[in-house]
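Here's the structure we're looking at; comments come further down.
Throughout, a chain's letter reflects where its sequence line sits, starting with A, and its residues are numbered from 1.
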Number of protein chains: 2
Amino acid sequence: MATKLTEIARQAGVSVSVVSRVLNGDPTVRAREETRQRVLQVAKDLNYTANYAGRALRLARSNALALITPNVSSPLFADLLAGATEAAEAANYTVLIGLADTIAAGSDTLRRLVGEGRVDGFVLQRHDDLSDQALESLVANDARVVLVTSRTPGRRGSVILDDVAGAKLATQHLISLGHKRIALIGGVPHSDIARRREHGYALALHEAGLRRRESLVCRLGYTPEAAESAVEILYAGTPRPTGVVVANVNGAIGALTALRRLGVDVPSEISVVAYHDEWVAEHTWPALTTVKMPYYEVGAQAVRSLIDQLSGKPAQDIVVREPPPQLVLRSSTAPPKEP
Amino acid sequence: MATKLTEIARQAGVSVSVVSRVLNGDPTVRAREETRQRVLQVAKDLNYTANYAGRALRLARSNALALITPNVSSPLFADLLAGATEAAEAANYTVLIGLADTIAAGSDTLRRLVGEGRVDGFVLQRHDDLSDQALESLVANDARVVLVTSRTPGRRGSVILDDVAGAKLATQHLISLGHKRIALIGGVPHSDIARRREHGYALALHEAGLRRRESLVCRLGYTPEAAESAVEILYAGTPRPTGVVVANVNGAIGALTALRRLGVDVPSEISVVAYHDEWVAEHTWPALTTVKMPYYEVGAQAVRSLIDQLSGKPAQDIVVREPPPQLVLRSSTAPPKEP
DNA sequence: CTGAAAGCGCTTACAG
DNA sequence: CTGAAAGCGCTTACAG
């Protein structure tokens, strides 16, 4: 545990330089194989792990990065985190989690974290409400950031889902069941994520030769409550939809609640398909048909991309297309009664 | 950002010793007020933050701690994390998150984290399946651990919920509605958490003069699937329950699914109350009556307790009783049809 | 009241 | 092939 390099050196009968070089696999070390083995053995016997602070101080690098998110409490985020953690581990990095609500816009928490050398960079998932401007004020002109899920004009360094393909797939599913009046319960208007999903929805309608009606599109956001309101608005207007694409699974759960309250049966009177799959989708009533997106890969890619950036490579804007969006059929979708 | 102590010293025209002492509020510093102010001003102007590695190396302390959990993807955990984060921040600590599944039993990940000085200690939430033995193998005889939610004989240092009171409250709610045949869908038998909750259930029955029937108690665990099985078993036997306490909200969601499949109406034919409140409980059908437990406080207490322990105070075993368990009435409970 | 200096554990250019 | 030494940025006992 608390073994030090000098202790290994002493027991192996060599200098600390050699120990350090052998342990780090320094290619310039041309120690005799015998010496090398002895050092390795002693280190193993003593259960040596390099002191983190010593190394960080010397290297001016923490080998840690922070994942900042507005919402840890989602299975979606858990996937992202798992991907990020594994990619980080593979590169010998540690992941630190920051809650975005602790980080008020305009605060310097992020700058401090890297300023004091706690982390080398960030993977940042912004809140839907965080404007491009507020985002910039947080990260300033700092290049040590990779945006995740969302991107913003004028800043390179992002890893996002293929939202167009995902939303298109969801919409096409309803189309293939025979639906013609398909509503969209989408995100807030200024969100780039929401815009991409709406684009996928529009694309599917267009390719099927279906008319896109503005009255069938609601842009109130991804919370259950927002989706409840959206359903009420949709049902107050005419023509009513026979199917609805909800651009987020949480919203879909709210939509089911609202439909139940209105006495509308799913799926016989209206079909509901949600963007994103998570375990509760199996346990709603009826169980939700969803489109599953590769969150794990987004997390992993983001970390890899950040580490590349830290090592000086130019920032990339990546769309994760593998594995592709996948339709998970459950019980909330069916052909329309009167097509 | 990358300002150093020497730079401040230079600009303020004093030695680094003075700067360090002033900035750390060292009481032995008897610098002139004027000097003190000048130093503070320069530090502020330069936006100084102490280099983390330098300090950690010198102090042999990372001021970081790890929160290890089997499951980040739960609003429950989010509360715990929020509590832990705020308490940590107040004490100038950083919280690092570890996923327990990355940490195989018998692995030395934990020991390495403290071995290399990345963190000073742990808050550890064990998985239900992790035996006392496996737990010990992970943390060894390390005192820098506070167990959270669960405890284990022979190890001090834990912060748990008042499971007895919580489960008792849930059971009493059904009793007060007039139920007499009340089932328990509990955790796995070897879990201390499960035992406490079962105790609370038994206590409520006992105090109400109701008979406790072994055939009405299932101990399959907290997953939705386990609870589905439990419902099937309960409905295969006689007498059937008119009410059921599910010792975890995820289980309750599974129970609702199983009851729906069996064609049993909730709450007219059976009442369901869940231990733990979270947002989906509002959106199930019917909406779940739950008992809300103080998770935030558990997280905060655990961190405070760990920091105390690190500073040499004896390890404590704490039960969080404030705020007390709280019944959240929704639509899944009602008086029995035939009492 | 303030400063010079040692040392935390590491890596790496340099010397031999 | 291997070692002595400097230095990363900090804190703190010690000296004056």
Exercise. Hey, is the side chain of A:R58 poking within less than 4.0 Å of OP1 or OP2 on C:dT12, counting only N and O atoms?
Worked result: no

For this session: Assess whether side chain to side chain donor-acceptor pair (under 3.5 Å) is satisfied between B:Q37 and B:Q41, documenting all intermediate values.
Result: CA-CA 6 Å; B:Q37 288 305 337; B:Q41 189 56 49; over 6 Å; no

Seminar exercise, completed: Ranking C:dT2, C:dT11, D:dG3 by distance to the side chain of A:R55, first place goes to C:dT11

Problem set entry | Nearest-angstrom distance from the residue atom NZ of A:K4 to P of C:dT11 | 14 Å

Problem set entry | Backbone N/O of B:A56 and side chain of B:N63: donor-acceptor pair under 3.5 Å | no

Problem set entry | Flag for A:N51-B:R118: side-chain donor and acceptor within less than 3.5 Å | no

For this session: Tell me whether the OP1 or OP2 atom of C:dC10 has a side-chain N or O from A:Y48 closer than 4.0 Å.
Result: yes

Problem set entry | Check: B:S62 main-chain N/O paired with B:Y52 side-chain donor or acceptor under 3.5 Å | yes

Exercise. Please give, in whole Å, the distance from D:dT11 P to B:L23 CG?
Worked result: 8 Å

Problem set entry | Rounded interatomic separation in angstrom, taking OH from B:Y52 and P from D:dG9 | 17 Å

Exercise. If only atom types and distance count, is the side chain of B:D162 paired as donor or acceptor with the main-chain N or O of B:V320 below 3.5 Å?
Worked result: no

Please tabulate the protein-to-nucleotide N/O contacts below 3.5 Å involving nucleotides 13-16 of chain C, giving atom names and distances.
residue, atom, partner, partner atom, Å
C:dA13, N6, A:R21, NH1, 3.0

For this session: Take atom CG of A:N92 and atom P of C:dC10, then tell me their distance rounded to the nearest Å.
Result: 15 Å

Exercise. Where the side chain of A:V14 is concerned, which of D:dG3, C:dC10, D:dC8 is the nearest nucleotide?
Worked result: D:dG3

Problem set entry | Phosphate-side-chain proximity, B:N51 and D:dC8, N/O vs OP1/OP2 below 4.0 Å | no

Problem set entry | Greater than 12 external heavy atoms within 6.0 Å of B:Q11's CD | yes

For this session: Please map the stems of DNA chain D, keeping only stretches of three or more Watson-Crick or G-U wobble pairs with both distances under 3.5 angstrom.
Result: C:1-3 with D:14-16, C:5-12 with D:5-12, C:14-16 with D:1-3

Exercise. Which of these passes side-chain contact (heavy atoms from CB on, under 4.5 Å) with B:V298: B:I160, B:L80, B:V303?
Worked result: B:L80

Exercise. Which whole-number value in Å describes the distance from B:N63 CG to C:dC8 P?
Worked result: 20 Å

Exercise. To the nearest Å, how far apart are B:L5 CG and D:dC10 P?
Worked result: 5 Å

For this session: Figure out the CG/C1' separation between B:L57 and D:dT12, and round it to whole Å.
Result: 14 Å

Problem set entry | Qualifying residues under salt bridge (Lys or Arg N to Asp or Glu O under 4.0 Å), relative to B:D308, sequence neighbours excluded | B:K313

Exercise. So what does B:T6 touch, heavy atoms closer than 4.0 Å: a base, only the sugar-phosphate, or nothing?
Worked result: nothing

Exercise. Of the nucleotides C:dG3, C:dA5, D:dC10, which one has an atom closest to the side chain of B:V16?
Worked result: C:dA5

Exercise. In whole angstroms, how far is the C1' atom of C:dC10 from the CZ atom of A:R61?
Worked result: 13 Å

Exercise. With a 4.0 Å cut-off, would you call A:E7 and A:K4 a salt bridge?
Worked result: no

For this session: Select base, sugar-phosphate, or nothing to describe what B:A60 touches, counting heavy atoms under 4.0 Å on all strands.
Result: nothing

Seminar exercise, completed: Per side-chain contact (heavy atoms from CB on, under 4.5 Å), A:R126 is matched among A:I68, A:T69, A:D132 by A:D132

